[in-house]
There are 2 protein chains.
Amino acid sequence: MSSEEDQRPLKRITSIDVAKRAGVSQSTVSRALNPNSKLSPALREKVLSSAKELNYRPNAIARGMSSRNTHIIGLTISDTVSSYYYKLLKLFTKKMHEAGLQLMLFNTSEHADMDRVLDRLIEYRVDSLIVEGVAVSKDFIGKCAEQEIPVILFGRNIPDVKAHTICLDDVACGRKVARLLHQTYAESYAFITAKEDKDSSRNRMTGFSDYLSEQGIPSPQVEGAGFSYEEGYAAAIRLLTGENPPDAICCVTDIIALGVMDAARHKLGLKIPEDLSVIGFDNIDEGKMDAFSLTTVSQPIEAMVDASIELLKAWQRNTPTEYDLQLFEGGLVLRDSVRTLKN
Amino acid sequence: MSSEEDQRPLKRITSIDVAKRAGVSQSTVSRALNPNSKLSPALREKVLSSAKELNYRPNAIARGMSSRNTHIIGLTISDTVSSYYYKLLKLFTKKMHEAGLQLMLFNTSEHADMDRVLDRLIEYRVDSLIVEGVAVSKDFIGKCAEQEIPVILFGRNIPDVKAHTICLDDVACGRKVARLLHQTYAESYAFITAKEDKDSSRNRMTGFSDYLSEQGIPSPQVEGAGFSYEEGYAAAIRLLTGENPPDAICCVTDIIALGVMDAARHKLGLKIPEDLSVIGFDNIDEGKMDAFSLTTVSQPIEAMVDASIELLKAWQRNTPTEYDLQLFEGGLVLRDSVRTLKN
DNA sequence: TTGAAAGCGATACCAT
DNA sequence: ATGGTATCGCTTTCAA
């Protein structure tokens with residue numbers, strides 16, 4: 001629009017500029033901007049209006065340095081590609097914005113050097129860290145704790161971990177799923193678990209198996225797969241072409257379940273749910289599609305994210321010492337990949 | 001493990017500690033860590049080893065403050081939920097790590113207050129900004145430019161925007177798609193575009209229509225949809241139950257195409273590709289699934305991300321003045337949602 | 001080449 | 001309640 005070219009870097013307004021304009025000290029400007037600081041309403045008003053006139057934006061980096069509180073929250077991003085994680089990220093970003101926090105991403109893809117990730121976390125002085133997915137070891141979390149980086153373990157339940165855990169009640173959900181399958185005439189059960197994950201996956205399977213054994217039903221066949229469509233696909237073929245093909249498969253994750261459904265239908269020519277019931281976990285968007293209409297267990301992710309944010313906000317003041325475990329109830333989402341209920 | 005509780009906050013090692021240990025000045029430590037600074041190899045060696053012994057991690061926040069270079073790259077996260085964006089995010093995070101940059105997320109969901117987003121961008125002194133998706137207006141990008149935040153517009157081509165654009169050659173891809181459909185016996189064409197996007201979508205459609213008109217084929221019917229499965233679904237129903245149902249539909253996005261396929265098959269009982277050819281853009285993972293096997297146009301996202309990183313690295317030193325446009329060639333991914341080629 | 005000292009832009013402690 | 005000043009941990013002149 002304008003024909004002038006900006007030669008020199010634009011000078012950013014600082015709190016000193018605001019102080020001069022308002023005729024107060026620079027410390028007063030700082031106080032005016034911080035709601036917790038006491039200041040006469042009149043002065044605060046004055047400072048705030050000068051700040052607005054000058055279009056002043058405080059320097060969060062400088063604030064972080066002097067207050068030792070960056071308001072930056074780290075989040076590790078895992079390898080599992082699914083719209084579920086994007087949704088989570090979006091939710092976190094949005095709610096953090098509202099809470100005055102900023103999300104910074106850290107790469108933890110397979111074979112990533114976790115020590116370097118820790119270095120980065122420290123270098124950027126993240127106030128806390130959210131760990132989602134399975135890309136992260138208990139050992140790594142322990143190192144974070146040593147470095148006094150409080151961590152929230154999201155969506156995965158590792159026993160005795162030095163982190164606050166926010167997770168689905170996996171055992172209870174496993175039971176629910178088994179009950180549903182049992183109520184819908186399943187005869188031979190299988191469970192596809194995730195090789196990478198010994199915790200939440202195991203809990204889901206535990207609930208699943210426990211319910212079955214309580215009903216006097218033989219233990220389910222178990223297959224291991226990675227968290228992917230392709231591995232679910234392959235696992236399904238192993239199960240369904242094996243000696244004792246199941247007529248009900250519970251998958252530890254929706255993305256695996258989609259692979260199972262496609263293998264069953266398009267590779268093996270089975271009908272779902274007539275020949276095979278399939279059920280997953282997470283309630284990802286893809287499962288809603290007509291092509292799948294996957295019955296699944298939904299996570300109350302909004303409530304889980306809210307709980308995380310509350311925790312982060314609490315941590316902003318006082319460093320945490322004891323870690324807690326918050327379990328959330330999952331809900332059955334009935335669609336068409338499981339035979340209909342007995343009435 | 002250990003029974004001692006940490007009472008006081010752990011003291012972080014600073015460059016002064018390293019300086020003392022190495023018996024040099026603090027400025028020398030700074031130089032030793034910065035490869036561009038000149039320093040006798042012997043001294044550098046000495047400093048580096050002391051740093052390692054003390055397990056020193058430089059404070060990126062302090063560095064950002066004094067050097068006015070935070071190495072933080074902002075990225076706006078849009079509303080469109082798709083595994084494609086997660087994949088992109090993962091790639092960016094990984095490659096930025098390698099380049100010594102950190103990704104910070106900014107929320108630009110619908111009806112977000114973009115002025116507040118800009119404030120945050122400035123407050124955290126991001127070195128540059130990557131804008132992906134459609135959540136961002138030309139006006140907003142202009143404001144960023146005013147604030148001297150260099151921006152990369154990724155995956156969308158807005159004319160005369162004050163940003164460096166990294167994008168698919170949408171027009172050329174549109175032509176390719178039209179040609180494929182034409183070669184595979186299509187008779188009546190439709191194009192489903194995105195209402196929110198007047199730029200890349202239009203270019204894709206332009207290429208598509210141009211090819212058809214060059215072949216003397218009547219213009220395609222055009223439907224508008226949002227970037228979602230559901231809207232694609234609805235648009236397909238409108239088209240296919242209309243007066244002149246097409247036998248080939250090009251969708252501006254894969255996610256829309258999946259909705260179209262499901263509507264055609266599960267709602268209207270059509271066979272794909274026998275009754276209807278469907279083609280999309282982006283090559284998202286979901287399209288690979290057997291349930292869809294969607295023919296599509298793939299973006300060379302790795303090359304596009306690499307190009308972005310190169311740009312960011314170049315920008316780290318010298319502020320950019322002129323903006324450029326980098327177009328990337330898309331490739332046809334032939335699967336089963338389009339009738340087979342004439343031999 | 002290296003060291004000393006001056007910022008960077010806030011917060012926080014100590015006075016008043 | 002407000003102002004003055006030290007401080008956070010670096011980078012970057014400026015001297016030597």
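Throughout, protein chains are lettered first and strands after them, A, B, ... in sequence-line order, and every chain is numbered starting at 1.
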Original post:
OP1 or OP2 of dT7(D) less than 4.0 angstrom from a side-chain nitrogen or oxygen of S66(A), does that happen here?
Top reply: no

Original post:
Would a 4.5 Å heavy-atom cut-off, applied to side chains only, mark I73(B) and Q102(B) as touching?
Top reply: no

**OP:** Kindly indicate whether the side chain of R31(B), heavy atoms from C-beta on, has any atom under 4.5 Å from the side chain of K38(B).
**Re:** no

**OP:** Kindly write out the residues that satisfy side-chain hydrogen bond (donor to acceptor under 3.5 Å, both in side chains) with Q147(A), not counting sequence neighbours, or none if the list is empty.
**Re:** R12(B)

**OP:** Answer yes or no: are there more than 12 heavy-atom neighbours, outside K90(A) itself, under 6.0 Å from its atom NZ?
**Re:** yes

Could you go through nucleotides 13-16 of chain D and list every protein N or O atom that sits under 3.5 Å from one of its N or O atoms, giving the distance for each pair?
none

Original post:
Using the C1' atoms of five pairs at each end, what's the angle between the two axes of the helix from dT1(C)-dA16(D) to dT16(C)-dA1(D), to 10 degrees?
Top reply: 40°

Donor-acceptor pairs under 3.5 angstrom involving side-chain atoms of residues 303-310 of chain B: please list them, not counting sequence neighbours.
from    : atom 1 : to      : atom 2 : distance (Å)
D306(B) : OD1    : K95(B)  : NZ     : 2.8
S308(B) : OG     : M304(B) : O      : 2.8

**OP:** Return the 5'-most residue of the pair Q26(B), R63(A) with respect to DNA chain C, ranking by each residue's nearest nucleotide.
**Re:** Q26(B)

**OP:** Go through the steps to decide whether E123(B) and N59(A) satisfy the test side chain to side chain donor-acceptor pair (under 3.5 Å), and finish with yes or no.
**Re:** CA-CA 5 Å; E123(B) 284 173 21; N59(A) 185 329; over 6 Å; no

Subject >> Which residues share a side chain to side chain contact (heavy atoms under 4.5 Å, CB included) with T14(A), sequence neighbours left out >> reply: K11(A), I16(A), D17(A)

**OP:** Answer yes or no: is there a side-chain heavy-atom contact under 4.5 Å between R44(A) and L48(A)?
**Re:** yes

Original post:
With distance as the sole criterion, is a donor-acceptor pair present between the side chains of S25(B) and T28(B) under 3.5 Å?
Top reply: yes

Original post:
Which residues within residues 14-25 of chain A lie with some heavy atom under 4.0 Å of an atom in DNA chain D?
Top reply: V24(A), S25(A)

Original post:
Base, sugar-phosphate, or nothing: which does T28(B) touch, judged by heavy atoms less than 4.0 Å apart?
Top reply: sugar-phosphate

Original post:
Within a radius of less than 6.0 Å around CD of E45(A), do more than 12 heavy atoms belonging to other residues, nucleotides or ligands occur?
Top reply: no

Original post:
What are the residues of residues 120-128 of chain B, sorted by number, that bring a heavy atom to within less than 4.0 Å of DNA chain D?
Top reply: none

Subject >> Minimum heavy-atom distance K143(A)-L118(A), with the two atoms named >> reply: CB-CD2, 3.8 Å

Subject >> chain A footprint on DNA chain C, 5' to 3' - any atom under 4.0 Å from a heavy atom >> reply: dG9(C) to dC13(C)

Original post:
Residues two or more places apart in sequence or in another chain: which of them pass side chain to side chain contact (heavy atoms under 4.5 Å, CB included) with S66(B)?
Top reply: none

Original post:
Of the residues in residues 37-50 of chain B, which ones touch DNA chain C at a heavy-atom distance under 4.0 Å?
Top reply: L39(B), S40(B), L43(B)

Original post:
Can you name the residues that form a ring pair (Phe, Tyr, Trp, His ring centres under 6.0 Å) with Y85(A), not counting sequence neighbours?
Top reply: Y86(B)

With a cut-off of 3.5 Å and sequence neighbours excluded, list every side-chain donor-acceptor pair involving residues 153-161 of chain B.
from    : atom 1 : to      : atom 2 : distance (Å)
R156(B) : NE     : D197(B) : OD1    : 3.0
R156(B) : NE     : D199(B) : OD2    : 3.4
R156(B) : NH1    : V136(B) : O      : 3.2
R156(B) : NH2    : D199(B) : OD2    : 2.9

